[in-house]
Amino acid sequence: MVPDAHFSMCPSFGTSTDTSCSGCVPVAARDGVLICERCYRSIRRLVDDAPDLLAHLRSIADPTKARVYDRVLVQSSRPEYPAPVDASVLDASNDIAVTLRNWADRVANPNDDVFDRHLQAGIDAASAHDDARACADLILSELDAIANDKHQVLALADALMSRSETSSPAFWSIADVATRWAIDDRPRWAEAPCPACDLMTVRVMPSRRRGGRTRYICRECEWEADDLDDGGLWAIAFADSVPAVPA
């Protein structure tokens with residue numbers, strides 16, 4: 001719904017003091033699909049980011065890099081064993097892989113039953129990323145079709161965007177993983193104003209992988225675009241930017 005936009009029969013219509021309704025006017029759908037622009041971009045962004053998140057978690061779980069740093073190290077002939085890996089890292093890694101593989105299977109074989117394909121034990125970050133990238137690209141290639149199927153898009157949105165109220169959910173959504181193990185986006189402030197609200201509050205967020213999309217997100221009105229939208233218009237409009245000042 002559009003925040004603070006009310007139909008005439010709504011008790012909040014025409015008043016700024018009634019807060020019982022946060023908005024009852026539906027948001028316009030994205031051209032060609034049955035969900036709004038904001039949800040479409042959120043789904044696309046989370047699918048696109050999932051391979052990088054998986055590679056990040058596999059790097060954390062790499063036993064050759066995990067060492068004990070909470071005690072003084074002394075010279076000894078005793079071998080240093082890797083520190084135990086947080087079970088949440090392993091669970092989240094597997095859940096990302098299961099989500100991407102399941103949805104890639106649905107796209108590739110829509111008439112077949114889908115079975116969970118778990119992450120292989122000990123898989124390295126590069127291999128996990130390559131597998132996840134292939135799955136994500138397949139899902140993104142059919143995203144418009146998924147977005148026009150009510151049951152499919154609700155199921156995909158749940159796997160991507162649902163948020164758990166616990167620190168160790170039974171199944172990690174991509175949004176849960178992105179919040180718990182955020183990857184530095186190296187944000188910058190754009191020197192051009194937001195095309196929606198005309199404020200200087202657009203944050204430029206470069207891709208975390210070579211060849212990926214740069215995103216532009218307004219901190220004030222939540223307008224969002226990437227450098228491939230509108231024929232590359234926003235890449236030109238926000239080409240010059242300045243480093244963000246830490247909050």
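The side-chain heavy atoms of Ser88 and Arg180, taken from C-beta on, include a pair separated by under 4.5 Å. Arg163 places a side-chain heavy atom less than 4.5 Å from the side chain of Thr179. Side-chain contact check for Met161 versus Ser42: some heavy-atom pair is nearer than 4.5 Å. In this structure, the side chains of Ile217 and Val202 stay at 4.5 Å or more apart for every pair of heavy atoms. For the pair Asp112 and Asp105, the minimum side-chain heavy-atom distance is 4.5 Å or more.
Between Ser93 and Leu57 the shortest heavy-atom distance is OG-CB, 3.2 Å. Considering every non-hydrogen atom in both Ala132 and Leu54, the closest pair reads CB-CD2, 3.8 Å. In this structure, Pro169 and Ser164 approach most closely via the heavy-atom pair CB-OG, 3.4 Å. Contact between Tyr216 and Ala235 at its shortest, heavy atoms only, is OH-CA, 3.3 Å. Of all heavy-atom pairs spanning Pro110 and Val107, the tightest one is CD-O, 3.7 Å. Taking all atoms of both residues into account, the shortest heavy-atom contact from Ala192 to Ala237 is CB-O, 3.5 Å.
Atom-to-atom distance recorded for Leu160:CG and Ile43:CD1 is 6.5 Å, nearest 0.5 angstrom. Between atom CH2 of residue Trp223 and atom CZ of residue Arg38 there is a gap of 14.5 Å, rounded to the nearest 0.5 Å. The CZ atom of Arg44 lies 11.5 Å from the CG atom of Leu46; values are rounded to the nearest 0.5 Å. Note that the SG atom of Cys135 and the CZ atom of Arg117 stand 6.0 Å from one another [nearest 0.5 Å]. The OG1 atom of Thr99 lies 9.5 Å from the CG atom of Asp158; values are rounded to the nearest 0.5 Å. Annotation: the span from Cys194 atom SG to Glu224 atom CD amounts to 11.5 Å, rounded to 0.5 Å.
The ring pair (Phe, Tyr, Trp, His ring centres under 6.0 Å) check on Trp172 picks up Trp181, with sequence neighbours excluded. Every residue was checked against the salt bridge (Lys or Arg N to Asp or Glu O under 4.0 Å) condition with Asp91, not counting sequence neighbours, and none meets it. Every residue two or more places apart in sequence or in another chain that forms a side chain to side chain contact (heavy atoms under 4.5 Å, CB included) with Val98 is listed here: Asn94, Asn102, Asp116, His118, Phe171.
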* side-chain contact (heavy atoms from CB on, under 4.5 Å) between Trp189 and Arg219, intermediate numbers included -> CA-CA 10 Å; Trp189 292 113; Arg219 294 288 296 273; 3.6 Å; yes
* Asked: Going through the checks in order, is the salt bridge (charged side-chain N to carboxylate O under 4.0 Å, His left out) test met by Asp48 and Arg41?
  -> CA-CA 10 Å; Asp48 199 36; Arg41 291 182 184 278; over 6 Å; no
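Side-chain contact, Thr166 with Ser168: no donor N or O sits under 3.5 Å from an acceptor N or O. Side-chain atoms of Tyr40 and Asp144 include a donor-acceptor pair closer than 3.5 Å. Under the 3.5 Å distance criterion, with hydrogens and angles disregarded, no donor-acceptor pair is assigned to the side chains of Ser127 and Asp130.
Asp229 and Arg215 are not joined by a salt bridge, as no carboxylate oxygen comes within less than 4.0 angstrom of a charged side-chain nitrogen.
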Acceptor/donor pairs from residues 149-156 side chains to any protein atom, 3.5 angstrom cut, sequence neighbours excluded:
from: Asp149; atom 1: OD1; to: His151; atom 2: N; distance (Å): 3.2
from: Asp149; atom 1: OD1; to: Gln152; atom 2: N; distance (Å): 3.1
from: Gln152; atom 1: OE1; to: Arg106; atom 2: NH1; distance (Å): 3.4

Under 3.5 Å, which donor-acceptor pairs link side chains of residues 21-32 to any protein atom two or more places apart or in another chain?
from: Arg30; atom 1: NH1; to: Glu37; atom 2: OE1; distance (Å): 3.3
from: Arg30; atom 1: NH1; to: Glu37; atom 2: OE2; distance (Å): 2.6

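Within the structure, no pair that satisfies the salt bridge (Lys or Arg N to Asp or Glu O under 4.0 Å) test touches residues 3-13, not counting sequence neighbours.
A donor-acceptor pair is defined here as one N or O able to donate and one able to accept, closer than 3.5 Å; no such pair exists between the side chain of Asp230 and the backbone of Gly232.
Each of Ile123, Ile96, Asp124, Leu53 was checked for a side chain to side chain contact (heavy atoms under 4.5 Å, CB included) with Arg58, and the lone residue meeting it is Ile123.
Following chains of ILVMFWY side-chain contacts shorter than 4.5 Å, one can reach Leu233 starting from Val204, so the two form part of one hydrophobic cluster.
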